[in-house]
Each structure stands twice: as structure tokens, then as C-alpha cells.
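As C-alpha cells, the structure follows; a few thoughts come after it.
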There are 2 protein chains.
Amino acid sequence: MKSISETEQLEKSKKKTTEERRQDILEAALNIFTEKGYNGSTTAEIAKAAGVAEGTIFRHFATKKELLIAVLKPKILTGIISLDKEQEDPVEFFRCFLKNRLELIKENDGLVRFMFAEAQYHDEVREALSNGILGDGINIVKPWFNKGVEEGVFKPIPFPAMMRSFMGMVLFYGIFNHVFPGFSPEKTIDEAADQILELFLNGLLIK
Amino acid sequence: MKSISETEQLEKSKKKTTEERRQDILEAALNIFTEKGYNGSTTAEIAKAAGVAEGTIFRHFATKKELLIAVLKPKILTGIISLDKEQEDPVEFFRCFLKNRLELIKENDGLVRFMFAEAQYHDEVREALSNGILGDGINIVKPWFNKGVEEGVFKPIPFPAMMRSFMGMVLFYGIFNHVFPGFSPEKTIDEAADQILELFLNGLLIK
DNA sequence: CATAGGAGTGAGTAATCACTCATATTATTT
DNA sequence: AAATAATATGAGTGATTACTCACTCCTATG
């Protein structure tokens with residue numbers, strides 16, 4: 001009977017389904033890729049880390065590059081912000097959005113840095129980035145920025161310039177801490193977010 | 001006679017000195033590395049681009065990694081800002097510094113992105129970055145920031161947070177434009193610098 | 001001129017790579 | 001239980017890699 005064998009599988013936790021194996025490979029690939037880079041990683045070590053034979057990788061993914069794309073695709077679209085309260089205030093939106101992004105970056109630190117590194121060399125990654133997390137960010141922020149400008153709260157500066165600077169402040173948070181470990185003394189995300197937001201909203205000058 | 005043969009060399013421009021060949025290799029390596037990444041480049045194609053035999057590379061550099069370091073070392077320490085006038089005003093300093101860095105980044109666009117990409121994976125590059133352009137930036141900016149705070153012009157926010165955001169805004173300029181070609185409509189560096197500075201100094205909010 | 005020494009060369013080498021395929025193992029159906 | 005199908009395996013493969021070395025070429029010196 002079908003149900004018996006399936007139950008046995010679950011109870012003993014020995015055998016894995018095809019999908020579970022696929023996930024094992026994806027997870028291992030993500031770890032190895034983020035640590036050593038795409039060209040610095042071998043399919044042999046990914047297989048070892050995933051606990052499968054090297055050939056098994058190529059049963060699930062036709063090529064190494066296809067594996068790379070499969071690793072990035074689901075990651076790149078996650079983390080869409082949810083504004084829990086029915087938010088109306090553009091300033092509050094920026095606060096929520098900023099914290100959301102910083103948390104995302106902290107949780108996926110290696111991944112984010114990996115994506116920006118490989119975007120250098122792989123068109124596919126660059127497209128995934130601009131269709132994914134970066135493009136999403138732009139689409140989410142734009143109407144709130146416009147709302148703030150219309151309400152007379154924000155200065156009517158060019159959107160691209162604002163967006164570029166904002167994302168630079170946010171994304172560089174992780175990169176900087178990686179190159180300069182220990183340079184930033186903040187202990188919590190909230191603290192870092194508050195400092196970034198204060199500078200972003202009010203600037204360095206005392207008025 | 002010595003002088004005759006040397007003169008012949010210069011006039012005919014056929015033979016190259018050891019140092020000139022070394023420079024040819026470094027230049028070719030820089031181009032190939034920035035285009036394809038370290039692990040994506042082969043010593044064979046670097047040799048071809050430099051117009052030398054592959055063996056010649058290893059007469060000048062013991063290993064490929066040593067070549068990488070030799071490529072980055074001189075680049076990483078250049079571009080120290082020169083404040084042409086005897087500047088006293090902290091705000092003016094930031095304006096000069098910002099323009100200087102943006103020009104540097106525009107001129108060495110591929111190199112900067114390459115350095116940050118490889119800093120992901122190579123300790124040596126990370127150290128070179130923190131000892132070089134990033135560390136320099138910190139050392140240059142810090143006294144001016146402190147001066148501004150003492151004079152009551154700048155807010156006394158934590159230096160690391162300020163520095164991180166500032167460098168993020170600046171460095172992300174090049175990265176962003178590479179991932180989103182055409183997103184930023186500014187035509188000149190000065191225009192981009194003004195927009196970044198305005199946001200950095202005064203913030204997004206209308207007071 | 002003869003000879004020595006340093007620089008350049010490129011075919012050669014061992015190692016490593018992504019990927020294949022014949023076989024083994026497991027799961028499902030009859 | 002037997003037959004069939006699906007999946008996993010890892011030794012094998014040709015291509016590619018960083019690096020070597022026996023040799024050539026060029027110039028400087030006695």
C-alpha cells in the first residue's frame with residue numbers, strides 16, 4: 001500500500017523525496033556560492049555539502065549556471081515589505097521600509113553581497129537583481145515618495161537621485177560591516193535604522 | 001657602445017624594457033580581471049592581451065594571485081584628495097571630497113566594482129581595501145567631521161554611522177548605474193555630487 | 001669575436017573542472 | 001514476487017587550468 005511506505009519514510013526520516021533532495025542541493029549551493037563565489041565553487045564540493053553524488057546535481061539542474069539561477073530566483077523576490085498598520089504617513093513608510101530592508105540584509109548578509117558581486121560578471125544575475133529586489137524596491141518606494149512630495153513633506157528632488165542614495169545607505173550597511181568588521185558599534189538593527197533614517201530625513205547640518 | 005644601442009631602442013621603439021613589459025602585463029590583467037573577475041580570467045588570455053608569452057607572466061609574478069595583488073596595490077592608494085585652496089570650512093571640505101571621490105569612481109568604474117566584488121572572497125583584497133581607499137577615506141574625513149561638530153555646524157551623530165552612510169551614497173553611485181543602466185538621468189558628475197550633497201547635508205524633509 | 005647571463009618563449013604537465021553514462025538502488029505497479 | 005519505472009551513483013572523459021622548464025634570442029662585456 002502506498003500510505004504505508006510513505007508513512008515509513010516520514011517516520012524513519014531516512015529516505016528523501018526528489019523535492020527534498022533538490023532543496024538540499026539548493027541550500028548547499030547557496031552556502032558554497034556565497035562563501036567562494038560562483039567561479040570559485042565546484043560542483044563536487046556542492047554535492048559533498050548536500051550529501052549527494054555529483055551526478056545527482058545534474059539530474060536536477062542541467063548546468064552549473066542553471067543551478068546558480070535556481071538558487072537566486074526564489075531569494076531575489078522574497079521579503080516584500082508588509083506595512084502592518086494601515087499606513088498613511090510617508091515618513092512612517094520610510095521607517096518601516098528601512099527596518100524591513102535592514103533585517104532582510106542582516107538575515108541574508110552573504111547572499112546580498114554575493115548577488116552584488118556576481119552582478120558584476122553575469123548578465124543573468126544583473127537582470128535578476130533589477131527585476132527582483134532592486135526593481136521591487138523602486139516600485140514600492142516611488143508612490144510613497146510622490147505622496148510625500150505632494151503633501152509638501154518631502155523636497156521635490158529627482159526620484160532617481162533620492163533612490164540611489166537611499167539604497168546606497170541601506171545596502172552598504174552589510175558590505176561595509178563585512179570589509180570593516182567591528183567598525184560600526186551599533187548592537188541592534190533598530191539603532192542602525194534610526195541613525196540612517198535621521199541622516200536621510202534631516203541631514204547632517206544643524207539648521 | 002652603450003649609448004648607441006640605447007638610442008636605437010628608443011628610436012625604433014621595438015624592444016621594451018623589463019619594467020615596460022611588467023606594466024603591459026599589469027594593464028592587461030586589470031582589464032581582463034575587471035571584465036571577467038579573478039576566477040573567470042585565465043593567465044593565457046591575460047598573456048595574449050599583454051602581447052607576451054604565458055611563461056613571461058610567471059617570470060614577473062610568481063602566482064596568479066600575486067598578479068592580482070600587484071594589480072590592486074597601486075590603484076588602491078591613489079586618488080588622495082587635494083584641497084586646492086586652504087580650506088577651513090567643513091562643509092566645503094565635504095563638497096570637495098565628494099566630487100573628488102565621484103570623479104575617481106567614474107574614472108575607475110570597473111576597478112571599483114571589481115574590488116568590492118572580489119573583497120567578498122579574498123582576504124587580501126579586503127585588507128587592501130580597508131588599508132587603502134576606504135581606510136584613507138575614514139582618516140581624511142574624521143578630523144573634518146569632528147571640526148564641524150565642534151563648531152556647532154554638524155550634528156554630533158556617531159562617526160561610524162555617518163561615514164557608512166556617506167560612503168554608501170557615494171560608492172553605490174557607480175554600482176547602481178551599472179545594474180540599472182539609464183536609471184539615473186544626471187549628465188554630469190557635478191550634478192550628481194550636488195544632489196548627493198544636498199541630501200546628505202539637509203535631508204529629505206522640508207523643515 | 002667569443003662567451004656569459006638575463007629575459008622571453010611556448011610546448012608540456014599534473015591537477016582540476018563541468019558534465020556523462022552504464023550500472024546499482026529503490027519505489028511502484030501488476 | 002516479479003516486472004517496471006524512477007532516481008541515485010561515482011568512475012570516467014575531454015577540456016581547461018595554473019604553472020614549469022628546456023630552449024632560444026638578445027645584449028653587454030673581456
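In this text, all values refer to a predicted model and were calculated from it rather than measured experimentally. Letters A, B, ... mirror the listed sequences (proteins, then strands); counts begin at 1. When reading the values below, keep in mind they use all heavy atoms of this one structure, side chains included, and skip hydrogens, waters and symmetry mates.
Look at CD1 on I57(B): it is 13 Å from P on dT17(D), rounded to the nearest Å. The distance from atom CD of E66(B) to atom C1' of dA18(D) is 14 Å, rounded to the nearest whole Å. dT9(D) atom C1' lies 17 Å from atom NZ of K48(A), rounded to whole Å. Atom NZ of K65(A) and atom C1' of dC19(C) are 16 Å apart (whole Å). Atom P of nucleotide dT26(C) and atom CZ of R21(A) are separated by 10 Å, given to the nearest angstrom. Counting to the nearest Å, the P atom of dT9(C) and the NZ atom of K16(B) are 11 Å from each other. dG8(C) atom P lies 12 Å from atom CZ of R22(B), rounded to whole Å.
For residues 114-124 of chain B, the side-chain hydrogen bond (donor to acceptor under 3.5 Å, both in side chains) pairs, not counting sequence neighbours, are R113(A)-Q120(B), E118(A)-Y121(B), Y121(A)-E118(B), K65(B)-H122(B), E118(B)-H122(B), D123(B)-R126(B). Note on residues 23-38 of chain A: pairs passing salt bridge (Lys or Arg N to Asp or Glu O under 4.0 Å), not counting sequence neighbours, are K16(A)-D24(A), K36(A)-E45(A).
Under the side chain to side chain contact (heavy atoms under 4.5 Å, CB included) criterion, A49(A) pairs with A28(A), I32(A), sequence neighbours left out. For R59(A), the side chain to side chain donor-acceptor pair (under 3.5 Å) test picks out no residue, with sequence neighbours left out. Taking E186(B) as the reference, R164(A) meet the side chain to side chain donor-acceptor pair (under 3.5 Å) condition, with sequence neighbours excluded. In this view, V112(B) and I105(B), N108(B), F116(B), L171(B) satisfy the side chain to side chain contact (heavy atoms under 4.5 Å, CB included) rule, not counting sequence neighbours.
Near DNA chain D, meaning a heavy atom under 4.0 Å from it, residues 23-47 of chain B has S41(B), T42(B), T43(B) in order of number.
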Between the protein and nucleotides 20-25 of chain C, are there any N/O to N/O pairs under 3.5 Å, and if so, what are the atom names and distances?
none

Evaluate the ring pair (Phe, Tyr, Trp, His ring centres under 6.0 Å) criterion for residues F200(B) and F94(B): first the C-alpha distance (whole Å), next the side-chain angles of each, then the deciding distance (0.1 Å), finally the verdict.
CA-CA 10 Å; F200(B) 177 69; F94(B) 268 94; 5.4 Å; yes
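Set against dC19(C), dC19(D), dA8(D), the side chain of H60(A) has dA8(D) as its closest nucleotide.
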Show every donor-acceptor pair shorter than 3.5 Å between a side-chain atom in residues 187-194 of chain A and any protein atom, with sequence neighbours excluded, or say none if there are none.
from: K187(A); atom 1: NZ; to: P185(A); atom 2: O; distance (Å): 3.4
from: T188(A); atom 1: OG1; to: E191(A); atom 2: N; distance (Å): 3.1

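Panel note: side chain K147(A), backbone D89(A); no donor-acceptor pair is recorded below 3.5 Å.
Of the two residues contacting DNA chain C, namely K64(A) and T56(B), the nearest-nucleotide position lying further toward the 5' end is that of T56(B).
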